[in-house]
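Please read the structure below before turning to the comments.
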Amino acid sequence: MTTVKTSRDPSVLNGMAERVGAGPGRWGWLAAGVWLFYLAQPLQKIAERKDGISQILGFLTVILFAASYLAFFGILRRMARKHLLAVWQQVGYLALMLTLCLLMIPTAGQTALTGLVYIASVAMMLLDLRAAVAFVAVLLAGTEVALRVVPGWTDDGSYGFAIFLGALAVFGLRRAIQRSIELNAARKDMAELAVQEERNRFARDLHDILGHSLTVITVKAELAGKLIEANPTRAAAEVADVESLARAALADVRAAVAGYRELSLAGELVSARAALQAAEVKADLPTTVDEVPEQNRELFAWVVREGVTNVVRHSGAKRCTIRLTATQIEVLDDGKGPTPGGGASGHGLVGLRERANQAGASVQIGQAPGGGFRLAVRVGL
């Protein structure tokens with residue numbers, strides 16, 4: 001069963017960490033820190049002050065606030081490793097950032113309210129969703145009240161709008177990450193179910209193959225044992241039947257194992273239709289494989305698998321067409337087409353070339369008529 005991830009789930013926080021700048025590598029911190037550009041407003045206001053001590057204190061407060069913002073992404077990484085913060089720690093961290101923001105007001109004036117945008121964004125990632133929405137609402141209300149009651153401050157609507165927009169953007173990111181994690185969990189569950197179903201199918205095949213054969217072998221072996229003295233000729237015939245049945249059972253098992261490994265062209269077309277449908281790509285596929293000779297079907301099945309995989313993963317196509325003849329198969333899409341100089345370098349296509357060479361076939365890769373990607377394999381050079 002698919003487990004629905006909540007916003008407090010560590011996997012959600014891990015996804016946030018990777019996307020908002022706390023992922024592995026030095027560039028994650030740069031991605032998070034680039035948003036500190038908007039602190040240029042309070043810095044400029046502080047720089048205009050004539051009092052050197054006030055300037056130093058103001059710059060120091062802004063630096064500490066920026067440091068607290070960047071430090072949050074280190075905390076987010078810690079939370080992503082399942083070390084969730086207690087509620088008092090979450091509230092305490094937001095209180096620290098809010099205190100630093102308020103300390104900027106004596107030197108930066110109204111521009112210090114820019115810091116509330118960062119605090120709202122952090123709250124949206126840190127708190128439970130309901131608590132985060134309530135916290136942002138309080139920030140918005142407090143900002144609007146302050147702009148109207150503090151002498152010298154003017155309300156142009158920009159601060160409240162910036163707080164709302166920043167919180168909304170992080171909320172969207174949060175929901176997108178949660179949906180992505182739920183989708184990945186569902187895909188994982190489906191893959192596990194598919195593997196389990198295949199195991200069950202293979203177990204049923206073996207049971208069907210061996211159950212009857214071993215039962216008959218047992219009965220004939222017991223009969224041969226009873227007849228070995230009374231009727232040696234009949235016993236010898238029964239032993240011969242046992243040997244024949246054993247060989248037939250072994251051949252059936254080998255055939256089952258071979259079928260477990262090999263591909264079926266008809267089966268791959270069915271799977272391709274399902275994959276394209278899941279990727280919202282319109283599928284124009286053949287409904288029968290009768291005209292394809294038996295010796296070409298496995299190779300063509302590999303072409304379908306590799307071609308459709310490329311369509312779903314890389315093409316960005318809206319339509320995929322597969323054409324079959326007795327000696328050729330084509331997979332075409334209306335996507336972005338082959339990459340210049342690298343259209344045939346993927347591992348799957350390299351493996352497909354090797355299979356085609358073994359079967360005496362040629363592989364053609366290029367631009368489809370009207371744009372898109374074309375993969376064709378023709379048997380008989």
Side-chain angles (χ1 to χ4, degrees), residues 1-24 28-29 31-36 38-39 64-103 112-146 159-189:
M1 297 293 292
T2 301
T3 302
V4 177
K5 306 291 185 179
T6 67
S7 58
R8 298 293 303 281
D9 191 282
S11 57
V12 178
L13 293 171
N14 186 41
M16 289 182 181
E18 292 180 356
R19 289 164 174 79
V20 298
W29 292 99
V34 71
W35 299 105
L36 293 174
Y38 293 100
L39 290 179
L64 289 175
F65 179 84
S68 69
Y69 167 72
L70 289 177
F72 167 72
F73 296 95
I75 294 174
L76 196 60
R77 292 179 71 179
R78 180 174 177 267
M79 294 172 66
R81 292 193 294 268
K82 300 184 180 181
H83 299 290
L84 298 180
L85 295 182
V87 174
W88 70 268
Q89 292 175 311
Q90 298 172 8
V91 174
Y93 195 83
L94 290 173
L96 171 64
M97 292 189 69
L98 186 58
T99 300
L100 291 172
C101 181
L102 295 176
L103 289 176
L113 298 180
T114 304
L116 297 180
V117 179
Y118 297 91
I119 297 173
S121 300
V122 168
M124 267 295 173
M125 289 184 282
L126 186 62
L127 299 177
D128 178 77
L129 185 57
R130 291 183 179 179
V133 171
F135 184 84
V136 171
V138 171
L139 284 184
L140 275 171
T143 300
E144 293 302 320
V145 170
Y159 291 103
F161 181 71
I163 293 171
F164 172 77
L165 196 62
L168 184 64
V170 176
F171 170 77
L173 174 65
R174 176 177 182 155
R175 297 294 291 175
I177 293 171
Q178 184 174 346
R179 291 290 179 263
S180 175
I181 291 170
E182 290 173 359
L183 179 59
N184 288 337
R187 287 174 176 170
K188 182 179 179 181
D189 288 346

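Values below: all heavy atoms of this structure, side chains included; hydrogens, waters and symmetry mates excluded.
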> What's the spacing between Glu182 CD and Arg175 CZ if we round to 0.5 Å?
Replying inline: 7.5 Å
>> To the closest 0.5 Å, what do you measure between CD (Glu144) and OH (Tyr159)?
In response: 12.0 Å
> Atom CG of Asp128 and atom CD of Gln90: how far apart are they, to the nearest 0.5 Å?
Replying inline: 8.5 Å
>> To the nearest 0.5 Å, what is the distance between CG on Leu126 and CD on Gln89?
In response: 10.0 Å
> Listed by chain and number, what are the side chain to side chain contact (heavy atoms under 4.5 Å, CB included) partners of Val91, not counting sequence neighbours?
Replying inline: Val87
>> For Phe72, is there any backbone N or O sitting under 3.5 Å from a side-chain donor or acceptor partner on Tyr93?
In response: yes
>> Please give me the minimum heavy-atom distance between Phe65 and Gly115, naming the atom from each residue.
In response: CZ-O, 3.3 Å
>> So, applying side chain to side chain contact (heavy atoms under 4.5 Å, CB included) with Leu127, which one of Val122, Val133, Leu94 is it?
In response: Leu94
> Looking at Ile163, Leu98, Leu100, which hits side chain to side chain contact (heavy atoms under 4.5 Å, CB included) with Ile119?
Replying inline: Leu98
> For Ser121, which residues count as a side chain to side chain contact (heavy atoms under 4.5 Å, CB included) partner, sequence neighbours excluded?
Replying inline: Val170
>> Let me confirm one number: the CG-OH distance from Leu39 to Tyr118, rounded to the nearest 0.5 Å.
In response: 4.0 Å
> Between atom CZ of Arg187 and atom CG of Asp189, what is the distance when rounded to the nearest 0.5 Å?
Replying inline: 12.5 Å
> So which heavy atom on Val136 is nearest to which on Ala167, and how close?
Replying inline: CG1-CB, 3.8 Å
